[in-house]
**Student:** 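Dumping the structure here so I can ask a few things about it.
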Amino acid sequence: MAEKNKFYITTPIYYVNASPHIGHSYTNIAADTLARHMRRVLGKENTWFLTGTDEHGQKIERAAEKQGLTPGQFVDRVVVQFRDLWDKLNISYNDFIRTTEDRHIKTVQRSLEILYKNGDIYEGKYEGWYCTPDETFWLESQAPDKLCPDCRRPLEEIKEINYFLNLQKYQSWLIEYIKNNPLFIRPENRRNEILSFLTLNKLSPLCISRPKERLSWGIPLSFSASHVTYVWFDALINYISAVGEFDANDKYHSRWWGEDSRVVHLIGKDILRHHAVYWPIMLKALGIRMPDTIFAHGWWMLGEGKMSKSRGNVVNPLDMVDKYGIDTYRYFLLREVPFGLDGNFSEDSIIKRFNADLANDLGNLIYRTLNMVEKYFQGKIPQHDIFSRRYDAAGEEIKNILDFPASQRASFSRDINSSLSAESDFNFSLAFESIWRRISMANKYIEESKPWNLAKENKIDELSAFLGLMIEVISQVGRQIESFMPYTADLIKEQLGEKEIKKGKPLFPRIENKETDT
RNA sequence: CGCGGGGUGGAGCAGUCUGGUAGCUCAUCAGGCUCAUAACCUGAAGGUCAGCCGUUCAAAUCGGCUCCCCGCAACCA
């Protein structure tokens, strides 16, 4: 197998029928952290991070109508909200694809043509029950009484010509593929879920078109003037339309989708089936190799249940960022819950995390250290070769962990690398744990060394060696959190300075709980 | 028998695959320290690991049954 020295990570393209919420930001923060991390490991030029927006379909057509806009005007407005949020959250995407762009439309149409030509897509009849006022299709099993489950109005039976992708043809291949590639669908329980779904059910053909008279806001099929493309087919293609194209022989080429590239799709668990069933089959039928990993993360629960627009309990990420800061928000989402599991979101939990981890552990470590440098050395960082020096047992332990020039950069974050691998399910919270072990070790070491006594006893040499070591620890911690909390990493670098520290204010001033104490 | 996840000291979780001292964070209590953001360090109390039965020298961990909670069931991350 070719060595993977490139990394291509994607988020879903978000459906822009409403403003972004915490879930959108969760996926993008996770993807951003992985992208930043891989840029450090493989180099900037070998990492590509794609996000974007899904802009076609009925819901958007209707949302636009409600506001008296054309679909085009409507999506242009909502897209801005997404872009602004990503800027605000420091999301370092390389490319932002919109499904209304030419490059995308071209590739979708081309893909459809290829599949049509190969016979994987064929014309068929679609039968179902339709609620005209709601413009929604229902299966007979969903509406046994022939009444719309939503509005209770009578349904109308519809028969129309549509185009279908033959999924069943590839079903047994897909099962085998998933079985033979343990990293293909992660985490493990999702993989099992899909496997059991595929084993127990016969896949029915996927309808990939919609008649124009019902839906005009979509990509036209080149082989049928009266149809547009079904939104999910349209959407999934973004992963390849953004980074490559088909040649005259229907072969797909991409710098980021070659054998030397690791392709990772980050998604929420709700859209797992589209990504783990439809998408692989589409790729297979198009003669394109599989992504390496499709990872489905969990949901954030809010109070009593999952958050959703219909329940009206949506948390606006912008509010959280304004209130607690970008990196606090990033830290909380990545730290609170192992990636892949569901989590509970509450401001109380944010405050708890903030005070315990950011203010007390990290913030205070930096502040107390810098304060000593200021107090004992007038802010000048002691220029000691800390590695040539001998310390007591605790100091030696810290020094060993620093592990600095001897084994070069790579070993710096060995356990971070392994925590952030697909094999470990991109375990951000585990990575944080190992960083925080260093932080708490440093706090402990200060306690044991009692630098304030060294100062009183005028043991300047020991004191400066000690502080030199502490500065090195902090600087390393700063480098280690860089992918997770880029803004804070910058601040730390600034505070540490070259030869002289700039203490400034505490990075994370404690939040005192005024209102509620439970 | 639709599918899946879960029930571990007051709270939130890890540990279960590869049986063998029940671990972490927060909260509580006591002590220490004073460089620091009432922060930091040390120690303590607190759990029959949902229940029952079984396998085993040994079960939170394997098997069976029961009870309870929560998601999903095909366009909300």
Side-chain angles (χ1 to χ4, degrees), chain A residues 11-12 14-15 17-18 20-31 54 56-59 136-137 139 141-142 188-190 192-194 196-197 200-201 203-204 206 230-235 266-274 277-278 296-301 304-311 314 333 335-338 341-344 346 348-349 352-353 355-361 363-376 429-430 433 436 440 442-455 463 467 470 505-512 517-518:
Chain A
T11 72
Y14 303 108
Y15 205 57
N17 63 338
H21 57 71
I22 178 179
H24 299 116
S25 68
Y26 184 42
T27 317
N28 271 44
I29 287 169
D54 185 8
H56 288 122
Q58 203 166 54
K59 283 190 177 172
T136 311
F137 265 107
L139 294 172
S141 57
Q142 292 172 305
E188 189 81 21
N189 58 331
R190 300 295 162 210
N192 296 339
E193 204 174 308
I194 290 296
S196 82
F197 168 75
L200 295 175
N201 298 281
L203 289 175
S204 40
L206 177 68
Y230 167 55
V231 278
W232 262 107
F233 187 95
D234 173 355
L266 238 48
I267 59 170
K269 67 178 184 182
D270 56 306
I271 52 176
L272 177 63
R273 201 170 289 174
H274 302 91
V277 178
Y278 306 158
H297 66 242
W299 291 90
W300 284 99
M301 306 298 181
E304 283 315 294
K306 125 179 131 167
M307 112 172 58
S308 71
K309 286 160 214 161
S310 49
R311 296 190 196 195
V314 177
L333 293 181
R335 175 62 239 263
E336 182 72 359
V337 165
L341 300 182
D342 290 348
N344 294 305
S346 76
D348 279 352
S349 317
K352 220 162 156 187
R353 279 284 173 206
N355 280 340
D357 301 351
L358 298 178
N360 296 352
D361 291 344
N364 188 48
L365 169 66
I366 295 173
Y367 196 72
R368 70 197 296 205
T369 302
L370 296 189
N371 192 61
M372 286 188 270
V373 174
E374 193 173 85
K375 194 159 179 171
Y376 302 139
S429 65
L430 200 64
E433 275 176 41
W436 254 253
S440 93
N443 271 323
K444 191 180 298 187
Y445 186 52
I446 295 181
E447 212 58 41
E448 286 168 9
S449 307
K450 303 190 184 4
W452 48 91
N453 284 346
L454 298 179
L463 184 58
L467 281 174
M470 294 318 295
K505 296 224 167 90
L507 283 175
F508 300 102
R510 259 184 84 84
I511 300 169
E512 297 309 333
D517 43 271
T518 34

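Each chain gets a letter, A, B and so on, in the order the sequences are listed, and its residues count up from 1.
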**Student:** Please determine whether a side-chain nitrogen or oxygen atom of H21(A) lies at a distance below 4.0 Å from atom OP1 or OP2 of rC76(B).
**Tutor:**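 So the side-chain polar atoms of H21(A) never come under 4.0 Å of the phosphate oxygens OP1 or OP2 of rC76(B).
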
**Student:** Taking for each residue the nucleotide of RNA chain B bearing the nearest heavy atom, is the 5' side occupied by Y278(A) or by N192(A)?
**Tutor:**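 Looking at the nearest nucleotide for each, N192(A) comes out on the 5' side.
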
**Student:** So, under a plain 3.5 Å distance rule, would you say the side chain of D270(A) forms a donor-acceptor pair with the base of rA77(B)?
**Tutor:**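 In this structure, the two groups form no donor-acceptor pair.
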
**Student:** May I ask you to test the T369(A)-L467(A) pair for a side-chain heavy-atom distance under 4.5 Å?
**Tutor:**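 Touching, per the 4.5 Å side-chain cut-off.
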
**Student:** Partner lookup for rG4(B), please. Criteria are Watson-Crick or G-U wobble with both distances under 3.5 angstrom; report none if nothing qualifies.
**Tutor:**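 In the structure as shown, rG4(B) has rC70(B) as its Watson-Crick or wobble partner.
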
**Student:** If only atom types and distance count, is the side chain of N364(A) paired as donor or acceptor with the main-chain N or O of A359(A) below 3.5 Å?
**Tutor:**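 No: the side chain of N364(A) does not pair with the backbone of A359(A).
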
**Student:** Check whether N355(A) reaches the backbone of R510(A) with its side chain - one donor and one acceptor, N or O, closer than 3.5 Å.
**Tutor:**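 No.
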
**Student:** Could you tell me whether N371(A) contacts a base, only the sugar-phosphate backbone, or nothing, with contacts defined as non-hydrogen atoms closer than 4.0 Å?
**Tutor:**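 N371(A): backbone/sugar contact only, no base atoms under 4.0 Å.
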
**Student:** Give one of base, sugar-phosphate or nothing for F233(A), where a contact means two heavy atoms less than 4.0 Å apart.
**Tutor:**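 Nothing: the residue F233(A), judged by heavy atoms under 4.0 Å, touches no strand.
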
**Student:** Could you measure between the two C1' atoms, the one in rU42(B) and the one in rU34(B), and give it in whole Å?
**Tutor:**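 Between the two C1' atoms, the distance is 15 Å.
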
**Student:** Could you work out which one of rC35(B), rC75(B), rA77(B) sits closest to the side chain of Y376(A)?
**Tutor:**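 Per side-chain heavy atoms of Y376(A), the pick is rC35(B).
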
**Student:** Quickly work out the N443(A) CG to rU37(B) P distance and round it to whole Å.
**Tutor:**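 It is 14 Å, rounded to the nearest whole Å.
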
**Student:** Is there a side-chain contact between Y376(A) and W452(A) (heavy atoms, below 4.5 Å)?
**Tutor:**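 In short, these two side chains touch, coming nearer than 4.5 Å.
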
**Student:** Whole angstrom is fine here: how far is it from CD in E336(A) over to P in rC13(B)?
**Tutor:**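 Rounded to the whole Å, the gap is 9 Å.
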
**Student:** Between rG6(B) atom P and W299(A) atom CH2, what is the distance in whole Å?
**Tutor:**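 Value for this atom pair: 19 Å.
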
**Student:** Heavy atoms from C-beta onward define the side chain here; which of rC35(B), rU34(B), rA77(B) lies closest to that of N453(A)?
**Tutor:**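 Of rC35(B), rU34(B), rA77(B), rU34(B) is nearest to the side chain of N453(A).
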
**Student:** Is any side-chain heavy atom of F233(A) less than 4.5 Å from a side-chain heavy atom of L206(A)?
**Tutor:**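 Of all side-chain heavy-atom pairs linking L206(A) with F233(A), none is under 4.5 Å.
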
**Student:** Rounded to whole Å, how long is the line connecting atom CD of E447(A) with atom P of rG32(B)?
**Tutor:**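 One finds 13 Å between P of rG32(B) and CD of E447(A), rounded.
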
**Student:** Find the partner of rC75(B): check Watson-Crick (N1-N3 plus N6-O4 or O6-N4) and G-U wobble (N1-O2, O6-N3) distances, both under 3.5 Å, and reply none if neither fits.
**Tutor:**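 In the structure as shown, rC75(B) has no Watson-Crick or wobble partner.
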
**Student:** Applying a 3.5 Å limit to both distances, which nucleotide forms a Watson-Crick or G-U wobble pair with rA58(B)?
**Tutor:**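 None - no nucleotide pairs with rA58(B), as no candidate has both distances under 3.5 Å.
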
**Student:** Tell me, do S440(A) and D361(A) make a side-chain contact under 4.5 Å, heavy atoms counted?
**Tutor:**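 They are not in side-chain contact.
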
**Student:** State the pairing partner of rA44(B); accept Watson-Crick or G-U wobble contacts with both distances under 3.5 Å, and report none otherwise.
**Tutor:**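 Pair assignment: rA44(B) / rU28(B).
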
**Student:** Should V231(A) and Q58(A) count as side-chain neighbours, where that means a heavy-atom distance under 4.5 Å?
**Tutor:**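 Result no, sub-4.5 Å side-chain heavy-atom pair not found.
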
**Student:** Could you tell me how far apart K444(A) (NZ) and rC40(B) (P) are, to the nearest whole angstrom?
**Tutor:**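 Roughly 13 Å, once rounded to whole Å.
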
**Student:** Of all the choices, rA36(B), rC35(B), rA77(B), which nucleotide is nearest to the side chain of H297(A) once you look at every atom?
**Tutor:**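 It is rA77(B).
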
**Student:** Please state the P separation for the pair rG19(B) and rA58(B) - nearest whole angstrom.
**Tutor:**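 My reading of the P atoms in rG19(B) and rA58(B) gives 16 Å.
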
**Student:** Start at the 5' end of RNA chain B and walk down; is the nucleotide closest to P451(A) or to R353(A) reached first?
**Tutor:**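 Taking each residue's closest nucleotide, the earlier one in sequence belongs to R353(A).
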
**Student:** Look at the side chain of S440(A) and decide which nucleotide, out of rU37(B), rC41(B), rA77(B), has an atom nearest to it.
**Tutor:**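 Output: rC41(B).
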
**Student:** Could you work out the separation of rC70(B) and rC24(B) based on their C1' atoms and round it to a whole Å?
**Tutor:**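 Per the computed distance, 24 Å lies between those C1' atoms.
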
**Student:** Do Y278(A) and W232(A) have ring centroids that are under 6.0 Å from one another?
**Tutor:**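 No, they do not, as the ring centres are separated by 6.0 Å or more.
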
**Student:** For nucleotides rG31(B) and rC69(B), find the distance between their P atoms and express it as a whole number of Å.
**Tutor:**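 Pairwise P distance, rG31(B) against rC69(B), rounds to 45 Å.
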
**Student:** Provide, to the nearest angstrom, the distance between the NE2 atom belonging to H24(A) and the C1' atom belonging to rC75(B).
**Tutor:**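 In whole Å, rC75(B) C1' lies 12 Å from H24(A) NE2.
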
**Student:** Using whole Å, report how far CD of E193(A) lies from C1' of rC72(B).
**Tutor:**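 After rounding, the reported distance stands at 7 Å.
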
**Student:** Of the listed nucleotides (rC75(B), rA77(B), rA39(B)), which one gets closest to any side-chain atom of H274(A)?
**Tutor:**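 Side chain of H274(A) sits closest to rC75(B).
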
**Student:** Grab the CZ-C1' distance between R335(A) and rU25(B) for me, whole Å please.
**Tutor:**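 R335(A) atom CZ is separated from rU25(B) atom C1' by 7 Å.
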
**Student:** Just checking D361(A): base, sugar-phosphate only, or nothing, at a heavy-atom cut-off of under 4.0 Å?
**Tutor:**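 Answer is sugar-phosphate: D361(A) comes under 4.0 Å of backbone atoms only.
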
**Student:** Whether N360(A) contacts rC40(B) is assessed here as follows: a side-chain N or O lying under 4.0 Å from the phosphate OP1 or OP2. Is that the case?
**Tutor:**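 For N360(A), the contact criterion (side-chain N or O under 4.0 Å from OP1 or OP2 of rC40(B)) is met.
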
**Student:** Which listed nucleotide (rU25(B), rA77(B), rC26(B)) is nearest to the side chain of Y14(A)?
**Tutor:**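 Comparing rU25(B), rA77(B), rC26(B) against the side chain of Y14(A), the answer is rA77(B).
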
**Student:** Which value, in whole Å, describes the distance between the C1' atoms of nucleotides rG15(B) and rC3(B)?
**Tutor:**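 Here rG15(B) and rC3(B) have their C1' atoms 26 Å from each other.
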
**Student:** P atom, rG32(B) versus rU25(B): distance in rounded Å?
**Tutor:**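 Comparing P positions in rG32(B) and rU25(B) gives a spacing of 23 Å.
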
**Student:** Expressed in whole Å, how much space separates the C1' atoms belonging to rC53(B) and rG47(B)?
**Tutor:**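 To the nearest whole Å, 23 Å.
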
**Student:** With a 4.0 Å limit, can you tell me whether R510(A) has a side-chain N or O closer than that to the phosphate oxygens OP1/OP2 of rA39(B)?
**Tutor:**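 For R510(A), the contact criterion (side-chain N or O under 4.0 Å from OP1 or OP2 of rA39(B)) is met.
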
**Student:** Which part of the nucleic acid, if any, lies within contact of K269(A), taking any heavy atom under 4.0 Å across all strands shown: a base, the sugar-phosphate backbone alone, or nothing?
**Tutor:**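 Answer is sugar-phosphate: K269(A) comes under 4.0 Å of backbone atoms only.
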
**Student:** Do R190(A) and E193(A) pass the salt bridge (Lys or Arg N to Asp or Glu O under 4.0 Å) test, and can you show the C-alpha distance, the side-chain angles, and the key distance before you say yes or no?
**Tutor:** CA-CA 5 Å; R190(A) 300 295 162 210; E193(A) 204 174 308; 2.8 Å; yes

**Student:** Using OP1 and OP2 only, check whether a side-chain N or O of K59(A) sits under 4.0 Å from rC76(B).
**Tutor:**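 So the side chain of K59(A) is within the cut-off, an N or O lying under 4.0 Å from OP1 or OP2 of rC76(B).
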
**Student:** With a non-hydrogen cut-off below 4.0 angstrom, is L341(A) in contact with a base, only sugar-phosphate, or nothing?
**Tutor:**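 The answer is sugar-phosphate, as L341(A) gets under 4.0 Å only of primed atoms, P, OP1 or OP2.
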
**Student:** Select base, sugar-phosphate, or nothing to describe what G298(A) touches, counting heavy atoms under 4.0 Å on all strands.
**Tutor:**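 Contact class for G298(A): base.
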
**Student:** Given the P atoms of rC13(B) and rA50(B), what is the spacing between them in whole Å?
**Tutor:**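 About 14 Å, rounded to a whole number of Å.
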
**Student:** May I ask you to say what L266(A) touches in the nucleic acid, namely base, sugar-phosphate or nothing, with a heavy-atom cut-off under 4.0 Å?
**Tutor:**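 No contact.
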
**Student:** What's P506(A) touching, base or sugar-phosphate or nothing? Going by heavy atoms closer than 4.0 Å.
**Tutor:**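 Contact class for P506(A): base.
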
